[in-house]
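Source: prediction; values computed, not measured. What's counted below: heavy atoms across the whole structure, side chains too, no hydrogens, waters or symmetry copies. Note that ligands are numbered from 1 as they come in the structure, with each ligand's atoms numbered from 1 the same way.
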Amino acid sequence: MDQTVRVLGVPMDLGADRRGVDMGPSAIRYAGLAEELEAVGTTCVDGGDIAVPRPEERDPDTEPFEHGRAKYFRETREVCEDVATAVSATVADGEFPLVLGGDHSIAIGTAAGATNGRDTGIVWFDAHGDFNTPETTPSGNVHGMSLAAILGKGPFAEVPWAHSPRVREENVALVGTRALDERERDLVADSDVSVYTMTDIDERGITDIVREALDVATAGVSQVHVSLDMDCLDPDEAPGVGTPVRGGITYREAHAAMELVHEHAGPRLSSFELVEVNPILDQHNRTAELACELTASAFGKSVL
Ligand SMILES: NC(=[NH2+])NCCC[C@H](N)C(=O)O
């Protein structure tokens with residue numbers, strides 16, 4: 001594959017409760033991401049890390065919440081704006097943006113940079129919906145709101161840095177869903193996104209589901225962003241994630257899904273994101289290693 005992939009690390013953990021996902025980009029690089037990408041014939045360049053403010057440096061007198069109950073919203077904005085700038089510069093240079101989290105709040109920045117005037121679909125591999133708003137969130141954590149923010153749900157409609165209007169709900173597919181909060185569930189049900197739960201995967205098989213999810217995401221648009229939250233996998237395979245949920249996709253299903261991303265999306269795949277690897281909760285970096293393997297599959301690694 002004649003493609004230059006630019007890796008952008010975002011050591012962000014302000015959008016999640018358990019600190020540690022900020023070490024995700026290092027762990028993924030250490031696990032051999034560049035080597036995996038070079039082995040499938042891409043040229044891999046490392047664009048370094050985006051700076052993330054430390055919560056310890058925050059003035060204790062400033063209110064940490066904004067828009068009701070969104071924690072570290074101001075800091076999230078700073079980071080996401082920088083991510084968006086880096087991602088759109090990568091695209092403008094003719095390179096492929098591969099963003100490493102960090103918690104899933106960074107997807108707000110990736111989506112903004114990846115769309116930048118272009119209609120874009122998203123396939124969101126995740127145990128969760130990330131469809132809360134500051135009004136519905138039980139935790140205040142922005143990583144549980146990122147997809148709602150991108151789609152401009154509720155108060156996010158008035159937050160231009162968070163809302164990516166070139167992503168239509170009809171072009172968004174969630175895969176691996178198994179943990180929705182009560183009010184989040186209503187928001188998802190009332191929306192036009194397509195949701196493929198673990199039950200759907202059990203019934204129809206991962207290949208059928210991922211093919212359909214990619215068809216949804218690419219209908220009438222020229223490009224698709226894939227956001228892979230490692231908690232989509234079963235915690236037996238991927239223990240190093242901040243918010244594990246039992247009953248996730250298996251090792252083999254995950255590879256099949258990523259192989260299909262390569263085959264079925266082909267050149268329409270325009271950006272890729274790996275999030276929520278938490279080395280503190282991991283066992284000997286196996287979740288980061290798996291993240292690298294899965295990325296290789298998404299970029300064309302196959303058995304034969
Ligand atoms: N991308 C994630 N890991 N999201 C976890 C979200 C958990 C929960 N639904 C919340 O809003 O707090």
Side-chain angles (χ1 to χ4, degrees), residues 10-25 64-73 76 79-80 83 99-111 122-151 153-156 162 172-189 191 193 195 197-198 225-235 237-249 254 272-282 287-288 291:
V10 193
M12 168 78 155
D13 68 352
L14 303 176
D17 264 339
R18 287 192 185 160
R19 299 206 56 198
V21 270
D22 56 325
M23 290 172 244
F65 296 100
E66 242 184 67
H67 288 280
R69 288 186 22 82
K71 284 191 236 165
Y72 297 115
F73 207 59
T76 307
V79 173
C80 286
V83 173
V99 181
L100 311 180
D103 71 61
H104 219 159
S105 67
I106 64 168
I108 297 172
T110 311
I122 299 183
V123 182
W124 194 269
F125 290 95
D126 201 319
H128 309 90
D130 296 343
F131 226 78
N132 275 304
T133 70
E135 291 158 341
T136 67
T137 174
S139 65
N141 294 329
V142 180
H143 76 156
M145 309 182 205
S146 38
L147 190 52
I150 292 167
L151 296 172
K153 304 302 284 182
F156 288 122
V172 173
L174 279 72
V175 179
T177 319
R178 57 191 181 280
L180 296 173
D181 301 313
E182 212 177 307
R183 296 179 63 200
E184 177 185 35
R185 194 196 189 121
D186 298 336
L187 279 178
V188 170
S191 76
V193 303
V195 186
T197 65
M198 286 311 301
H225 168 59
V226 169
S227 193
L228 175 58
D229 187 323
M230 286 302 287
D231 70 26
C232 180
L233 280 108
D234 193 273
E237 288 303 338
V241 296
T243 43
V245 187
R246 289 179 78 185
I249 66 171
F272 191 88
E273 183 172 60
L274 266 175
V275 296
E276 297 283 345
V277 170
N278 187 328
I280 287 189
L281 304 172
D282 206 3
T287 305

Could you list the atoms of ligand 1 found under 4.0 angstrom from a heavy atom of [X]?
X    : result
D126 : 1 (N)
S139 : 10 (C), 11 (O), 12 (O)
H104 : 1 (N)
D229 : 1 (N), 2 (C), 3 (N)
D181 : 8 (C), 9 (N), 10 (C), 11 (O)

If you have a sec, work out which protein heavy atom is nearest [atom] and how many Å separate them, to one decimal?
atom                    : answer
atom 6 (C) of ligand 1  : G144 CA, 3.7 Å
atom 11 (O) of ligand 1 : N132 ND2, 3.0 Å
atom 3 (N) of ligand 1  : T243 OG1, 2.9 Å

What part of [X], side chain from CB on, backbone N/CA/C/O, both or neither, has a heavy atom under 4.0 Å from ligand 1?
X    : value
E276 : side chain
L180 : neither
H128 : side chain
D130 : side chain

| request: Walk me through it: do T136 and E182 pass the test side chain to side chain contact (heavy atoms under 4.5 Å, CB included)? | output: CA-CA 9 Å; T136 67; E182 212 177 307; over 6 Å; no

| field | Donor-acceptor under 3.5 Å (D282 side chain, T287 main chain) | value | yes

| note | Exactly one of H143, M12, M145, K71 clears side chain to side chain contact (heavy atoms under 4.5 Å, CB included) with T76, and that residue is M12

| What are the two closest heavy atoms between I280 and R19, and how far apart are they? | CD1-O, 4.1 Å

| Do H104 and D126 have a side chain donor and acceptor closer than 3.5 Å? | yes

| Pair E273-S227, side-chain donor/acceptor within less than 3.5 Å | yes

| field | Residues forming a salt bridge (Lys or Arg N to Asp or Glu O under 4.0 Å) with R185, sequence neighbours excluded | value | none

| Within residues 237-246 or reaching into it, pairs that qualify as salt bridge (Lys or Arg N to Asp or Glu O under 4.0 Å) - sequence neighbours excluded | E237-R286

